[in-house]
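Working notes, structure below.
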Protein chains: 2
Amino acid sequence: MTIYEVAQRVGVSIATVSRVVRGHGEVAKETRRRVLEAVEELQFRPSRLGQSLAEGRHAANGIVFPDLSGPYYAEVILGYEEVAAELGSSVLILATHGRADPDRKVLDLARRVDGMAIMGRTVSDGVVAQVAATGMPTVLLARPPVGELDTVTTDSDASARELVAHLLGHGYRRFAYLGDPAESPDVTARYDAFRAALVDAGSPPPRAPLRCAFDVPAGREAGQRALARSPRPQVLVCANDEVALGALAAAQQLGLSVPDDVAIVGWDDVMAARYAGLTTVRQPMRALGATAARWLQDRMVVSRFPVRREVLQTQLVIRESCGQHPVDMEVS
Amino acid sequence: MTIYEVAQRVGVSIATVSRVVRGHGEVAKETRRRVLEAVEELQFRPSRLGQSLAEGRHAANGIVFPDLSGPYYAEVILGYEEVAAELGSSVLILATHGRADPDRKVLDLARRVDGMAIMGRTVSDGVVAQVAATGMPTVLLARPPVGELDTVTTDSDASARELVAHLLGHGYRRFAYLGDPAESPDVTARYDAFRAALVDAGSPPPRAPLRCAFDVPAGREAGQRALARSPRPQVLVCANDEVALGALAAAQQLGLSVPDDVAIVGWDDVMAARYAGLTTVRQPMRALGATAARWLQDRMVVSRFPVRREVLQTQLVIRESCGQHPVDMEVS
DNA sequence: TTGAAAGCGCTACCAC
DNA sequence: GTGGTAGCGCTTTCAA
């Protein structure tokens, strides 16, 4: 079903059909009626490819993320899709984690979209720069800036400072950090912020992080390593909630009580964190994605636009896992 | 940067450049070298639009889901993306829930993909049929079949039967069901299965479901309503885990102990369920998405292919919320 | 008010 | 081996 068949059926040119369908240009009332009738009868829908090729735009944009497992990325993507869809863009998603040749895949995605958001440690700065160099509107998410690209991240410093103050207030002095700063820019930022907060508070810097992946099993394994250290750390500060939940399991397995024998804190505030009673730092994940989509739109509409950088606020959420509190500080 | 510029630079025709780039057809070694050199220098990447238009395919497929909030859909999409990417397709996502004109959006998506997966109650059977009628390879996910379309769902009957047997074994006789069968085909299936299992076991059928949306706040509200009934139900059977978590909060708020005063069971086994100690039915969400992607591929490759129907197995997961058990039946 | 036609960027067939 | 060229389906300008 092409525009030609419609035109032929009505006995007009394809230009006229196009005008009617798009609602641009002037068309005689009667002609319009006949065209619309044929469109309806033939169930004509213009080919997106033909349209895009002629218009020179895809009306789509993409988001690249490490992987979708874990509620964190899912939420970001939801926020992104919601805004993008509102703005009339289709959304393409691309997970790179654990996949062969992520660079190629990102470059490939770049050929199907008008703009893209790139999250975390998915591809190298070089590839990001390469994509951006083609003139592709690009925004970076939860990732250090590259060149003059728009970048939206979430705060680690303020909440790390709050967290450390809170933990020191509990009287804790021996900390272990679980997570691999090399794995993700987020972890890097979180670890650095944690370390800086500790040092600024006059404490000795923490030992090197116990490196582990970003999931529950890895957290458990790292938790076991941490808790085997002597003297045993009083607090396990974890790169994200899943690692913290793993650490929780490790403690349980060793017969240690949380928080009496060891305190555990996470990062993100995924749904499970509430039920595990995990003290954590809440991330505005939806807002992260929504912001990226909005900025992308701005860049696609206005050619020259000042570079944007924004650090979204996070919130320390105190629950039971970091120590006994006089009253429940968070109920709901 | 088009194929013309590359051709001109090298002094060959675009046909030759195309041959080299695609790796088809015979090209003299020396010519190939010079073309590749130019491609490299000019950073030429063929336009996806031109390519697709000429090839007559998008090399992309789409998945439509009610919304992305809640870990359930996210996991399905992950499974889908993983397989689709492996198969060389880009993935477009579309959330319909709470959006204006979902039909139009789905039809729109259909113009950009070679195949699509449609989940749950996103669009009417009519629209599904309309999409399928265009020849678009389509598979239905967690949704009743429409016409001759491939459909993959998860089992509700067997696990509902197991669940009911287990609950009856606890001595419970008064059940309340929380969730709105009209909201999603999943809920319909779950409620029907629950009801049938109860009746088959010789119990009286449950009262009508307490209708509520699919999230924690709605679950809490419905939980309050349920627990205010007299006589108070002994078990709240919930449409999904989020509703169950809400019901849990409601019980807590009323000062009721779970499971001593009231038992609560959910459906899905999202991550939070483990930490909330929720008895639930585990869904193979990744497998659901992966299966859809695989079937779609089959349909796109082989034109005529027998209709497929599959019901993936689910697993009853017993935790604390359904009653005291002699020993921990699930540790990890 | 309408039509003809020039692209948009590529693939693949047919000649040479 | 290589080039010419006819599509693929649409938008939009220019004429009529």
I need the CZ-P distance between A:Arg111 and C:dC10, as an integer number of Å. 9 Å

Protein-nucleotide distance (B:Glu26, atom CD; C:dC14, atom C1'), rounded to Å: 17 Å

What is the distance, to the nearest angstrom, from the CG atom on B:Leu49 to the P atom on C:dT11? 12 Å

Looking only at side-chain N and O atoms, does B:Thr31 come under 4.0 Å of OP1 or OP2 in D:dT2? yes

Grab the CG-P distance between A:Leu53 and D:dT12 for me, whole Å please. 13 Å

Do you see a donor-acceptor pair shorter than 3.5 Å between the side chains of B:Arg22 and B:Ser18? no

Looking at B:Glu37 and B:Arg33, is any side-chain nitrogen of the basic one under 4.0 Å from a carboxylate oxygen of the acidic one? yes

Separation of D:dT2 atom P from B:Lys29 atom NZ, nearest Å, is 13 Å

Of the options C:dC10, D:dG9, D:dT12, whose atoms approach the side-chain atoms of A:Ala54 most closely? D:dG9

Which pairs count as salt bridge (charged side-chain N to carboxylate O under 4.0 Å, His left out) when at least one residue sits in residues 105-116 of chain B, sequence neighbours excluded? B:Arg104-B:Asp108, B:Asp108-B:Arg111

Quick one, which residues of residues 1-20 of chain B touch DNA chain D with a heavy atom under 4.0 Å? B:Gly11, B:Val12, B:Ser13, B:Ile14, B:Ala15, B:Thr16, B:Arg19

Take atom CZ of B:Arg57 and atom C1' of C:dC10, then tell me their distance rounded to the nearest Å. 14 Å

For atom CZ of A:Arg33 and atom C1' of C:dT2, their distance in whole Å: 18 Å

Check the distance between C:dT2's C1' and A:His24's NE2 and give it to me in whole angstrom. 18 Å

For A:Gln283, the option from A:Asp186, A:Asp155, A:Thr154 that meets side-chain hydrogen bond (donor to acceptor under 3.5 Å, both in side chains): A:Thr154

So what does B:Gln51 hit on the nucleic acid, given a heavy-atom distance under 4.0 Å: a base, only sugar-phosphate, or nothing? sugar-phosphate

Report the C-alpha separation of B:Arg19 and B:Glu26 in whole Å, then their side-chain angles, then the decisive distance to 0.1 Å, and conclude whether the salt bridge (Lys or Arg N to Asp or Glu O under 4.0 Å) test is met. CA-CA 7 Å; B:Arg19 283 187 199 105; B:Glu26 299 300 288; over 6 Å; no

Positive for side-chain contact (heavy atoms from CB on, under 4.5 Å) with A:Arg299, one of A:Leu149, A:Asp150, A:Thr138: A:Asp150

Passes salt bridge (Lys or Arg N to Asp or Glu O under 4.0 Å), B:Arg286 versus B:Glu81? Steps please. CA-CA 10 Å; B:Arg286 301 277 287 248; B:Glu81 199 272 352; over 6 Å; no

Please determine if a side-chain N or O atom of B:Arg22 lies less than 4.0 Å away from the OP1 or OP2 oxygen of C:dT11. yes

